[in-house]
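Accompanying notes for the structure given below.
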Amino acid sequence: MKILITGSAGFIGFHVAMELLKDGHIVFGVDNLNSYYDVSLKTSRNNLLKKYQNYNFYELDICGYEGLKNIFKANSFDKVCHLAAQPGVRYSIENPFIYQKTNNEGFLNIIECARQYKVNQFIYASSSSVYGANKKIPFSVVDRVDRPLSLYAATKRSNELVAYAYSHLYGINTIGLRFFTVYGPWGRPDMSYFLFTGAILNNKPINVFNNGRMKRNFTYVDDVVAGVKASLGYEAKYEIFNLGNDRTEELMDFIDCIEKNLNKKAKKNLLPIQPGDVLETWADIDTARKKLGYCPRTDIAAGITNFINWYKDYYGIRERNHV
């Protein structure tokens, strides 16, 4: 198949693109390689993808509608996997207009191009943050999601509503994937586990919000990629799936797992909860399990070990530096 992946140099986009390339599909990647975090990390990911002859890369901002139209016009895509977005709950509080531009306008540009150029299947990234102030645990795809606690969450819910409208009006098959705290090798440096690892190695304190009394549905990236690939093979007029783990973890246990892998204790700054944060996330994955065959297999012990091994290798850290 010929598959367009937006955000192909991003964390999840890179892993999805890599697996599809290995499977022999023709992948067209779009990414603007922006400076939200270290551009060299994005470039390193993209360089690995460029080693495949069946990878075609466009450095382009999804907010550039005419440029996107040209890409769709020049290529006849079988499917679109839209993973590009401006991530980050806290960053959305400081920089709201970036989220309106990238997550709302960019999403509309992509799905409108898919409509105009007759791409019948549109997969897109949503987020567990859409559950917002919901109290019922675990979060189910049938729950109401009309109380977002951050602008980031609001933009992701907006994407789901636009997808529904396009599915209803134009018959485009759309599948939204609500990701739950994805972690692993080649991850995002703004994520907590990445920040914790760097701080511990450099003898700096880590910021632990709500005094550590938080729970997260940490989901290893390989499990998420399996869910994305399954969704690409699933036909549905309009569907939303949770892609998370089947259990929730205490934040302090997650930190302890990092400490054990580094053989080094963290210095902790215990701080109040931050605006936009939720106390607990936990995915009800029954629908994804039944319809996609989705089955997360990686626990945090194995997942964190894989990440730490990658981190040491990528940044050239020797054992003597962190014992």
Side-chain angles (χ1 to χ4, degrees), residues 7 12 81-93 96 98-108 110-111 122-169 172-182 191 209-210 214-219 223-224 227-228 230-231 234 236-249 273-292 294 296:
I12 298 174
C81 188
H82 178 46
L83 302 177
Q86 176 58 57
V89 169
R90 294 180 190 126
Y91 193 72
S92 71
I93 295 171
I98 295 175
Y99 289 77
Q100 182 278 328
K101 187 79 173 174
T102 303
N103 295 3
N104 286 342
E105 184 178 329
F107 184 92
L108 183 59
I110 294 287
I111 199 168
F122 186 85
I123 314 297
Y124 64 95
S126 187
S127 168
S128 63
S129 66
V130 301
Y131 290 105
N134 286 16
K135 301 297 184 184
K136 183 179 73 66
I137 296 292
F139 299 146
S140 169
V141 291
V142 300
D143 294 341
R144 288 180 59 182
V145 282
D146 54 5
R147 294 183 296 169
L149 295 180
S150 68
L151 180 60
Y152 170 70
T155 63
K156 286 300 185 178
R157 180 54 180 155
S158 172
N159 292 169
E160 295 177 352
L161 296 173
V162 170
Y164 183 87
Y166 267 70
S167 177
H168 171 73
L169 290 171
I172 299 174
N173 295 325
T174 67
I175 296 178
L177 304 173
R178 292 174 179 168
F179 297 141
F180 280 71
T181 316
V182 186
M191 295 288 285
F209 296 109
N210 200 41
M214 311 234 294
K215 293 182 178 181
R216 289 290 180 268
N217 199 210
F218 296 106
T219 314
D223 292 326
V224 165
V228 175
S231 71
Y234 183 78
K237 183 177 180 182
Y238 176 83
E239 194 82 64
I240 289 176
F241 295 109
N242 285 336
L243 294 188
N245 214 328
D246 52 5
R247 58 177 291 178
T248 188
E249 305 283 352
I273 194 168
Q274 297 293 288
D277 274 354
V278 297
L279 292 176
E280 182 175 5
T281 63
W282 186 1
D284 179 338
I285 59 173
D286 283 351
T287 301
R289 183 181 282 116
K290 291 174 184 175
K291 295 186 177 183
L292 299 180
Y294 175 70

Exercise: identify the closest heavy-atom pair between [X] and [Y]:
X	Y	value
Ala153	Ser129	CB-O, 3.3 Å
Ala85	Pro87	O-CD, 3.2 Å
Leu83	Ala125	CD2-CB, 3.8 Å
Ser167	Thr174	CB-OG1, 4.0 Å
Ser92	Tyr99	CA-CE1, 3.1 Å

Report task. Indicate yes or no for a side-chain donor-acceptor contact from Asn217 to the backbone of Ala283 under 3.5 Å, with no hydrogens or angles considered. Result -> yes

Query raised in the report: Counting only N and O atoms by type, is there a donor-acceptor contact under 3.5 Å from the side chain of Tyr152 to the main-chain atoms of Gln86?
Result: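 No.
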
Can you tell me how far apart [atom1] ([X]) and [atom2] ([Y]) are? Round to the nearest 0.5 Å.
X	Y	atom1	atom2	result
Glu249	Met214	CD	CE	14.5 Å
Lys156	Ser150	NZ	OG	11.0 Å
Lys290	Thr287	NZ	OG1	6.5 Å
His82	Ile123	NE2	CD1	12.5 Å
Tyr294	Ile285	OH	CD1	5.5 Å
Arg289	Asp284	CZ	CG	8.5 Å

Are side-chain heavy atoms of [X] and [Y] found at a separation under 4.5 Å?
X	Y	answer
Asn104	Asn159	yes
Tyr238	His168	no
Tyr124	Glu160	yes
Arg157	Pro148	no
Val228	Cys81	yes
Asn242	Trp282	no
Phe241	Leu177	yes
Asp277	Arg90	yes

Report task. Using the six-membered ring wherever Trp is involved, compare the ring planes of Phe139 and Phe180 and label them parallel, tilted or perpendicular (cut-offs 30° and 60°). Result -> tilted

**Report entry** Single hit among Val224, Thr281, Thr219 for side chain to side chain contact (heavy atoms under 4.5 Å, CB included) with Asn245
**Finding:**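 When Val224, Thr281, Thr219 are each tested with Asn245, the side chain to side chain contact (heavy atoms under 4.5 Å, CB included) holds only for Thr219.
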
Report task. Determine, for Tyr131 and Arg178, whether the Lys NZ or Arg CZ falls below 6.0 Å from the six-membered ring centre while staying within 45 degrees of the axis. Result ->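 Yes, a cation-pi geometry.
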
Report task. Give a yes or no on whether the ring-centroid distance for Phe107 and Phe122 is below 6.0 angstrom. Result ->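 Close enough - the centres of the two rings lie under 6.0 Å apart.
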
Query raised in the report: Does atom OH of Tyr164 have more than 12 heavy-atom neighbours, drawn from other residues, nucleotides or ligands, at distances under 6.0 Å?
Result: no

